[in-house]
K.L.:
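Have a look at this one.
Reminder, nothing fancy here: chain letters follow the sequence lines and each chain counts from 1.
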2 protein chains.
Amino acid sequence: MLNYSTSEENYIKAIFHLQGEATTVTTNGLAHELSTKPASVTDMMKKLKTKKLLHYRPYRGFHLSQEGKKVALGIIRRHRLWEYFLSEKLQFTWDEVHEVAEQLEHVSSKKLIDKLDEFLGFPRFDPHGDPIPDRHGRILSSRQICITELSLNKTAIVCNVSDQSSEILELLKHKNINIGTKLEVKKKFDFDNSMEISAASRGKIRQPQLFTISEQLAKNIFVTSTLTPLRVEEGKKNI
Amino acid sequence: MLNYSTSEENYIKAIFHLQGEATTVTTNGLAHELSTKPASVTDMMKKLKTKKLLHYRPYRGFHLSQEGKKVALGIIRRHRLWEYFLSEKLQFTWDEVHEVAEQLEHVSSKKLIDKLDEFLGFPRFDPHGDPIPDRHGRILSSRQICITELSLNKTAIVCNVSDQSSEILELLKHKNINIGTKLEVKKKFDFDNSMEISAASRGKIRQPQLFTISEQLAKNIFVTSTLTPLRVEEGKKNI
DNA sequence: AAATATTTTTAGACAAAACTAAAAGATTGT
DNA sequence: ACAATCTTTTAGTTTTGTCTAAAAATATTT
Ligand SMILES: [Mn+2]
Ligand SMILES: [Mn+2]
Ligand SMILES: [Mn+2]
Ligand SMILES: [Mn+2]
């Protein structure tokens, strides 16, 4: 596998995150995601096209090629392993890991990452609950859904919080909600889309508590059903 | 402390390594050290001068300012802590750590490095026996000397091997010599400058063995006297 | 189907970091 | 002292990645 510049890698990763299943990504969308200008995106798309990392027809948008996805998964693997390391070994908090991992992910050494993976005990989820691709680019899909979509009285486990600001961290800490917390939605109020949930922190043998969650907060909490088994999602062709 | 580009950092570090106590470094010398061209060095020296990291008079050479030395020691700290991490935690061999550390050293996060230092147990020497500056830029001098300069029958400890090729590693492994090995020079032969040494591997309770060392090999082995106490060498003004 | 608005691409410029070739400064040998 | 040599700097390009402004293509309204 060839090496790519930090800039190229950031574009590849951003395209991967924007393109869901087979959607095509737009110039403006990517420019916005990367806080850059559309003209810069067009330049880079031409370059990545000649490197066969994506399919691109002028004015028609673009999406990653099979090779491009493989590269993206490699970058995501590095990013999430470093986040796990920072959180688990260096006691970084949840909201501090991303910024540093953004730098560490660009250090290119296959051996470094595979040894780090081993050292960490082959973790499968990063501190935000996102799955970590394995050394072959295989990634588990935790079939995440937002709690706004969760049916009433169905038990689920918090696996992701999309907004990673310290403000949300503070709020969740206060309500005793964490990655791994089991919860159920007990009631939904149509007036302001707030909801009442019962939650029991992982490991603690304690009576589940009732909390009210605002619409803004609910939109940022993602859960995975306790029943859904994990399935392989990306890199299927490479198993 | 400001942030510097990877390129600037590599220049600063190279100047630090070239300038001994108060020597002035030359354009050609630095160009050679960095495998670049003299013209590129001149350009960068102008830039680093405006940033007050070095003293530079055209045609007269340059040396790091107090601030420049502080920056250099920060880079060296990061480099050597990562080397220790790779060797100690990820089981990298001696000769593999440098190349990866060369990339990791440019990740700029004070917290990352201080937490890493703590996680590693505040190690004082990297896998090559070079001292690691502490968080204030203080560094221990191990007063290293080459075994070619060691007097006969004086016990010393291997603390550094300047050539880090896998060839020398293989040779030393075969002769059972490592960082930490106690040795004495028993005889020197003027004909080919080879020498006979007795060495006992660290930790192992075993009869010291006699080995013949060629001049080329001897030149690359550095030791520290078992009696010399460590002293603070750099960053004296900042304690 | 035009007219209008939006999105995307092109053209031209710039900064960082490198290079080559030529000019200028410093050093050395006679 | 001065010519020859070596070192260093300057001038002018190159590559990568960014930007602004203008032009072209596509999408939306009327
Ligand atoms: Mn992240
Ligand atoms: Mn990044
Ligand atoms: Mn090194
Ligand atoms: Mn470096």
K.L.:
How many whole angstroms separate atom CG of B/Leu34 from atom P of C/dA18?
P.N.:
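Taking atom P of C/dA18 as the reference, CG of B/Leu34 is at 9 Å.
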K.L.:
Rounded to the Å, how far apart are B/Glu8 CD and C/dA16 C1'?
P.N.:
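Answer to the nearest Å: 9 Å.
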K.L.:
When you measure from the side chain of B/Ser40, which nucleotide among C/dC19, D/dT20, C/dT8 comes out closest?
P.N.:
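Of the options given, the side chain of B/Ser40 lies nearest C/dC19.
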K.L.:
Counting side-chain heavy atoms from CB outward, which of D/dT7, D/dC19, D/dT9 is closest to A/Asp43?
P.N.:
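For A/Asp43, the side-chain atoms sit closest to D/dC19.
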K.L.:
Indicate yes or no: at least one non-hydrogen side-chain atom of B/Phe85 is less than 4.5 angstrom from one of A/Leu116.
P.N.:
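Yes, their side chains come closer than 4.5 Å.
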K.L.:
Compare side-chain N and O positions of B/Lys37 against OP1 and OP2 of C/dA18 and report whether any pair is under 4.0 Å apart.
P.N.:
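No.
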K.L.:
Looking across every strand, which nucleic acid part, if any, lies under 4.0 Å from B/Phe62 by heavy atom: base, sugar-phosphate, or nothing?
P.N.:
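Answer is nothing: B/Phe62 stays at 4.0 Å or more from every strand.
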K.L.:
OP1 or OP2 of D/dT10 versus the side-chain N and O atoms of B/Lys46: is any pair under 4.0 Å?
P.N.:
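The answer is yes; a side-chain N or O of B/Lys46 sits under 4.0 Å from OP1 or OP2.
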K.L.:
Consider the side chain of B/Ala39, meaning its heavy atoms from C-beta on, and name the nucleotide among C/dT8, D/dT20, C/dA21 that approaches it most closely.
P.N.:
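Nearest to the side-chain atoms of B/Ala39, counting from C-beta on, is C/dA21.
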K.L.:
Heavy atom of residues 49-59 of chain A under 4.0 Å from DNA chain C: which residues?
P.N.:
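Of all residues in residues 49-59 of chain A, the ones placing a heavy atom under 4.0 Å from DNA chain C are A/Tyr56, A/Pro58, A/Tyr59.
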K.L.:
Side chain to side chain donor-acceptor pair (under 3.5 Å) for B/Asn10 and B/His106? Distances and angles first, verdict last.
P.N.:
CA-CA 9 Å; B/Asn10 284 337; B/His106 302 291; 3.0 Å; yes
K.L.:
Go nucleotide by nucleotide along DNA chain D from the 5' end; which of B/Gly61 and A/Thr6 gets its closest nucleotide reached first?
P.N.:
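Residue closer to the 5' terminus by nearest nucleotide: B/Gly61.
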K.L.:
In sequence, state the C-alpha distance, the side-chain angles, and the governing distance for A/Phe92 and A/Glu83, and then conclude on side chain to side chain contact (heavy atoms under 4.5 Å, CB included).
P.N.:
CA-CA 9 Å; A/Phe92 274 61; A/Glu83 284 193 344; over 6 Å; no
K.L.:
Report the nucleotide, chosen from C/dA18, C/dT9, D/dT8, that has the shortest atom-to-atom distance to any side-chain atom of B/Thr26.
P.N.:
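Nearest to the side-chain atoms of B/Thr26, counting from C-beta on, is D/dT8.
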K.L.:
Output yes when a side-chain donor or acceptor of A/Ser65 lies under 3.5 Å from a complementary backbone atom of A/Lys52, and no otherwise.
P.N.:
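Yes: the side chain of A/Ser65 pairs with the backbone of A/Lys52.
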K.L.:
Would you mind reading off the distance between A/Arg60 atom CZ and C/dT8 atom P, rounded to a whole angstrom?
P.N.:
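Checked: the CZ to P distance equals 10 Å.
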K.L.:
For the side chain of B/Ser194 and the backbone of B/Phe189, is there at least one donor-acceptor N/O pair under 3.5 Å apart?
P.N.:
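Between the backbone of B/Phe189 and the side chain of B/Ser194 there is no qualifying donor-acceptor contact (under 3.5 Å).
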K.L.:
Below the 4.0 Å mark, does D/dT8 have OP1 or OP2 next to a side-chain nitrogen or oxygen of B/Asn28?
P.N.:
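Yes.
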K.L.:
Would one find a side-chain N or O of A/Thr36 under 4.0 angstrom from OP1 or OP2 of D/dC19?
P.N.:
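So the side chain of A/Thr36 is within the cut-off, an N or O lying under 4.0 Å from OP1 or OP2 of D/dC19.
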K.L.:
How long is the line joining CG of B/Asn10 and C1' of C/dA18, in whole Å?
P.N.:
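Computing the B/Asn10:CG to C/dA18:C1' distance gives 14 Å.
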K.L.:
Which part of the nucleic acid, if any, lies within contact of B/Ser7, taking any heavy atom under 4.0 Å across all strands shown: a base, the sugar-phosphate backbone alone, or nothing?
P.N.:
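Sugar-phosphate contact only.
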K.L.:
A/Asp117 vs A/Arg77, test: salt bridge (Lys or Arg N to Asp or Glu O under 4.0 Å). Steps then yes/no.
P.N.:
CA-CA 9 Å; A/Asp117 196 11; A/Arg77 170 171 162 77; 3.0 Å; yes
K.L.:
Is any NZ, NE, NH1 or NH2 atom of the basic residue among B/Lys13 and B/Glu102 found under 4.0 Å from an Asp or Glu carboxylate oxygen of the other?
P.N.:
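The answer is yes: the pair qualifies as a salt bridge.
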K.L.:
At under 4.0 Å between heavy atoms, what does B/Thr27 touch on the DNA or RNA strands: base, sugar-phosphate, or nothing?
P.N.:
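Sugar-phosphate contact only.
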K.L.:
Output all residues satisfying side chain to side chain contact (heavy atoms under 4.5 Å, CB included) with B/Glu33, sequence neighbours left out; order by chain, then residue number.
P.N.:
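Partners of B/Glu33 by the side chain to side chain contact (heavy atoms under 4.5 Å, CB included) criterion, ordered by chain and then number, come out as B/Ala14, B/Leu18.
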K.L.:
Among D/dT18, C/dA18, D/dA27, which nucleotide sits nearest the side chain of A/Met44?
P.N.:
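Out of D/dT18, C/dA18, D/dA27, the nucleotide with an atom closest to A/Met44's side chain is D/dT18.
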K.L.:
So, is B/Tyr4 near the phosphate of C/dA16, with a side-chain N or O under 4.0 Å from OP1 or OP2?
P.N.:
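B/Tyr4 to C/dA16 OP1/OP2: no side-chain N or O under 4.0 Å.
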